[in-house]
Amino acid sequence: MSREENIPDLEEEILLPYSHIIQVKSKGIRNRIAEAFNHWLKIPNEKMKEIIDIMTMCHNGTLILDDIQDDIGVRRGIPAAHCVYGVPMASNTAIHIIVLAMERCSKLGLEALKVFNEQILELVRGQGKEIYWRDMFVCPTEAEYRRMTEQKTGGMLNIAVRLMQSFSEDTNNYTDLGKKLGYYFQLIDDYCNIGQPETKGILKQRPTNLELKRYCVSLLEGLGSLEYTRKIIRDFEVHLRSEIRRLGGNPLMDAVLDQYNV
């Protein structure tokens, strides 16, 4: 037996931050959206499961990084991974799990790997824009914000959508709907982050005093900003439902939208 064979690879140990974050289940919205797309795409269950697993690994890996970048202390009701294992180990695990997802994707073929790389790059660019605006105190335009969410959140959804399309006989291109859904759900999430400061906080890494946060929210409400955002969300939901009908209807996607309202 060679010396190398006696050396443990510690794979389980170096992925502990990932094991930590997945011990509590997410809301599963991305999985439900992917399953709804399969109402149209109709790919085999085995391929569907593999694609959802790849997307889920990427999602959880990026959440670990997001929590570091946004200085979030709690994720899914438990301490964030970097608060338990430290920033160096957590960030390394996040990269590790995304590369493992890429490795699994490569087994689906070269085209699948190309799709994965393109969508991860979109996601990283979107996240980078958000960090830049926040740390440089830049207020993006509505169009810039929408483009960022299409890259960041839509990019994650389209990992699944584009991979599913590559194994489907359906020739329709659903990536535009994936981007729109990313914008819609990120807009709702950001609205809730501001509108419910006592549970989620407002303006990440900005005022830590709860009363000050509530005061900021009252100013936004007084200026009509929150009502304006609610109107944008409601109007865009109407648009999404119209798009779903145009694509032939999809009761599973309608059910996903039914679960969210502001």
Side-chain angles (χ1 to χ4, degrees), residues 1-35 45-110 112-128 130-131 151-164 182 186 189 200 204-205:
M1 182 178 292
S2 68
R3 289 181 179 179
E4 286 76 10
E5 289 178 295
N6 287 320
I7 299 173
D9 62 17
L10 297 178
E11 186 78 356
E12 183 176 343
E13 288 82 356
I14 61 181
L15 289 175
L16 281 172
Y18 181 73
S19 300
H20 172 78
I21 194 174
I22 64 172
Q23 69 179 296
V24 180
K25 288 187 177 181
S26 71
K27 293 178 287 187
I29 179 65
R30 288 163 186 80
N31 290 7
R32 292 200 296 275
I33 290 173
E35 289 163 359
N45 289 336
E46 182 180 345
K47 279 284 192 298
M48 183 69 187
K49 182 182 182 305
E50 183 67 7
I51 288 169
I52 286 180
D53 284 351
I54 289 168
M55 179 181 64
T56 301
M57 290 173 70
C58 287
H59 174 59
N60 286 314
T62 58
L63 281 186
I64 295 172
L65 288 175
D66 285 354
D67 289 345
I68 294 170
Q69 293 164 344
D70 295 339
D71 196 22
I72 298 296
V74 177
R75 169 66 65 180
R76 297 173 183 166
I78 60 175
H82 68 282
C83 295
V84 178
Y85 295 98
V87 169
M89 187 170 177
S91 57
N92 190 75
T93 293
I95 296 168
H96 189 164
I97 206 70
I98 292 170
V99 174
L100 286 176
M102 180 172 65
E103 181 183 49
R104 285 182 67 168
C105 196
S106 69
K107 295 175 182 177
L108 297 177
L110 288 177
L113 184 59
K114 179 175 179 288
V115 164
F116 181 91
N117 290 339
E118 288 174 354
Q119 292 307 132
I120 286 292
L121 188 55
E122 279 290 278
L123 189 157
V124 170
R125 284 172 172 154
Q127 178 73 354
E130 186 174 42
I131 294 170
Q151 291 178 296
K152 175 185 170 181
T153 313
M156 182 64 72
L157 291 176
N158 274 336
I159 289 176
V161 173
R162 291 185 62 192
L163 287 176
M164 291 166 66
Q186 188 63 57
D189 191 54
K200 294 189 177 180
K204 295 172 183 175
Q205 285 193 320

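The figures here come from the full heavy-atom set of this structure, side chains too, leaving out hydrogens, waters and symmetry mates.
Closest non-hydrogen pair, Ala81 versus Pro17, comes out as CB-O, 3.8 Å. The shortest non-hydrogen separation linking Ile68 to Ala90 is CD1-CB, 4.0 Å. Of all heavy-atom pairs between Ile14 and Asp9, the closest is CD1-O, 4.5 Å. Considering every non-hydrogen atom in both Met55 and Ala160, the closest pair reads SD-CB, 3.6 Å.
With values rounded to the nearest 0.5 angstrom, Asn158 atom CG is found 10.0 Å from Leu163 atom CG. A distance of 10.0 Å separates OG in Ser19 from CD in Glu13, rounded to the nearest 0.5 Å. Rounded to the nearest 0.5 angstrom, Leu15 CG and Leu10 CG are separated by 10.5 Å. Note that CG of Asn117 and CE of Met102 are 6.0 Å apart. Values are rounded to the nearest 0.5 Å. In this structure, Arg30 CZ and Glu35 CD are separated by 14.0 Å, a value rounded to the nearest 0.5 Å. Note that CG of Asp67 and OG1 of Thr62 are 9.5 Å apart. Values are rounded to the nearest 0.5 Å.
Counting non-hydrogen atoms of neighbouring residues, nucleotides and ligands closer than 6.0 angstrom, the CG atom of Asn45 reaches no more than 12 such neighbours. Heavy-atom neighbours of Glu46 CD from other residues, nucleotides or ligands within 6.0 Å: at or below the threshold of 12. The number of heavy-atom neighbours closer than 6.0 Å to CG of Leu110, taken from other residues, nucleotides and ligands shown, is 12 or below.
In this structure, His82 contributes its side chain and Met89 its backbone to no donor-acceptor pair below 3.5 Å. Side-chain atoms of Asn92 do not come within 3.5 Å of backbone N or O of Pro88 as any donor-acceptor pair. Panel note: side chain Asp70, backbone Ile72; no donor-acceptor pair is recorded below 3.5 Å. When atom types are taken as modelled, the side chain of Arg76 and the backbone of Lys27 share no donor-acceptor pair closer than 3.5 angstrom.
Contact of the Leu108 side chain with the Ile51 side chain is registered, since non-hydrogen atoms from C-beta on lie closer than 4.5 Å. Contact of the Gln151 side chain with the Gln127 side chain is not registered, since no non-hydrogen atoms from C-beta on lie closer than 4.5 Å. Between Cys58 and Phe116, some side-chain heavy-atom pair lies under the 4.5 Å cut-off. Taking the side chain as every heavy atom from C-beta outward, Thr93 and Leu16 never approach each other to under 4.5 Å. By the 4.5 Å heavy-atom criterion applied to side chains, Asn60 and Ile97 are not counted as neighbours. The shortest distance between side-chain heavy atoms of His96 and Tyr18 does not fall below 4.5 Å. Residues Ile64 and Arg75 are not in side-chain contact: their nearest non-hydrogen atoms beyond the backbone lie 4.5 Å or more apart. Between Gln119 and Met156 the shortest side-chain heavy-atom distance does not fall below 4.5 Å.
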inquiry  = As a quick check of understanding, evaluate side chain to side chain contact (heavy atoms under 4.5 Å, CB included) for Glu11 and Leu100, giving each step before the final call.
reply    = CA-CA 11 Å; Glu11 186 78 356; Leu100 286 176; 4.0 Å; yes

query = Taking it one step at a time, do Ile159 and Val115 satisfy side chain to side chain contact (heavy atoms under 4.5 Å, CB included)?
reply = CA-CA 7 Å; Ile159 289 176; Val115 164; 6.0 Å; no

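For Arg104, the salt bridge (Lys or Arg N to Asp or Glu O under 4.0 Å) partners are Glu50, Asp53, not counting sequence neighbours.
A salt bridge links Glu118 with Lys114: the closest approach of a Lys/Arg side-chain nitrogen to an acidic carboxylate oxygen falls below 4.0 angstrom.
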